[in-house]
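Structure, as C-alpha cells:
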Amino acid sequence: MARKLHYFNVNGLGEPIRYMLHYAGQKFEDVQYDVKKWPIPHVKDFLPYGQLPLYEEGGKTLNQSLAIARYIASQVNLLPADAWEQAQIDAVALNIYDYWSKVVIYIKESDPVKKAAYKKEILEEFINFYFSRFEKELKKNNGFFGNKLTWVDFVLVGIVEATNLFLGIDVQKQFPTVQTLVTKVRSLPGVKEYVAKRTPYQV
Ligand SMILES: N[C@@H](CCC(=O)N[C@@H](CS)C(=O)NCC(=O)O)C(=O)O
C-alpha cells in the first residue's frame with residue numbers, strides 16, 4: 001500500500017510521524033516542501049484545511065498531526081489496547097499541544113518587542129509549568145507516559161525538538177527524565193538511522 005507523508009522541510013508537527021514510520025519500518029514517501037517557498041499555491045489549495053501535515057494511504061488522506069500519529073500508532077503497536085489508557089495518552093498529547101500553542105503565538109508574532117517579551121514568558125513560565133508536569137508523569141511510569149512506549153512519547157520528542165529549533169534552546173537539559181526519553185526515542189532502531197542522515201533543519 002502506497003503511503004506518503006506531506007510536510008515541511010522543518011522539524012515540526014510532522015517529525016514524530018516520520019519517526020514512528022521509520023521505527024515501524026514502514027515504507028513511505030517523505031514529501032517535503034520548502035518552508036521558505038510557502039505558500040505553494042498548488043499544494044496549499046489541495047490541502048483540506050490549507051495546512052500540513054497530510055498523510056496519504058491507499059488513495060485516502062488524513063490531516064491533523066495528532067490524528068495521523070494516533071492512526072499510525074494503531075497500525076504499529078504504539079497505541080495501548082485498553083480504552084482508559086488510550087484516553088490518558090490522548091490527554092497527554094493534548095496537554096503537549098496546549099504547551100505548543102503558546103510557542104506558535106511566539107512564532108507568529110512579528111513585532112520584535114512583543115516577540116522578545118513573549119519569549120521571556122515562555123522561557124520563565126510556560127516551559128516550567130508544562131515540562132515539570134511532563135517530567136512528573138514520565139517519572140511515575142518508568143520514563144514513558146504510558147506503561148510502555150506509545151505514540152505520545154514520539155509526540156513529546158517532536159515538540160522538544162521544535163521548541164529547540166524555534167527558541168534556540170535545549171529545553172530537555174532542564175528536565176532529566178524528558179532528556180532520557182529524547183535520547184531513548186532518538187536511539188530506537190529506524191529512528192537512529194533516520195536522525196543520523198536527515199538534513200539539519202533551520203528556521
Ligand atoms: N492542528 C494542525 C495544525 C497544523 C499546522 O499548524 N500546520 C502548519 C505547520 S506546523 C502549517 O501548515 N502552516 C502553514 C500554513 O498555515 O499555511 C495539526 O496538528 O496538524
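A quick note: this is a predicted structure, and the numbers were derived from the prediction, not measured. Just follow the structure's listing: the first ligand is 1, and inside any ligand the first atom is 1.
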Legend entry - Distance-minimising heavy-atom pair for F145 and I89: C-CD1, 4.1 Å

Legend entry - Min side-chain heavy-atom separation T150-L79 under 4.5 Å: no

Legend entry - Selection residues 132-142 - residue pairs positive for side chain to side chain donor-acceptor pair (under 3.5 Å), sequence neighbours left out: E135-T177

Legend entry - Protein residues having a heavy atom less than 4.0 Å from any atom of ligand 1: Y7, F8, L13, W38, K44, G50, Q51, L52, P53, Q64, S65, Y97

Inset, instruction - Apply the side chain to side chain donor-acceptor pair (under 3.5 Å) test between Q172 and each candidate in T180, T163, N164; give the one that qualifies. - result: N164

Inset, instruction - Sorted by first residue and then second, give each side chain to side chain donor-acceptor pair (under 3.5 Å) pair with at least one member in residues 188-203; sequence neighbours left out. - result: E15-Y194, E15-R198, E15-Y201, R18-Y201, Y19-R198, E161-R198, Y194-Y201

Legend entry - Pairing residues for D45 by the side chain to side chain contact (heavy atoms under 4.5 Å, CB included) criterion, not counting sequence neighbours: P41

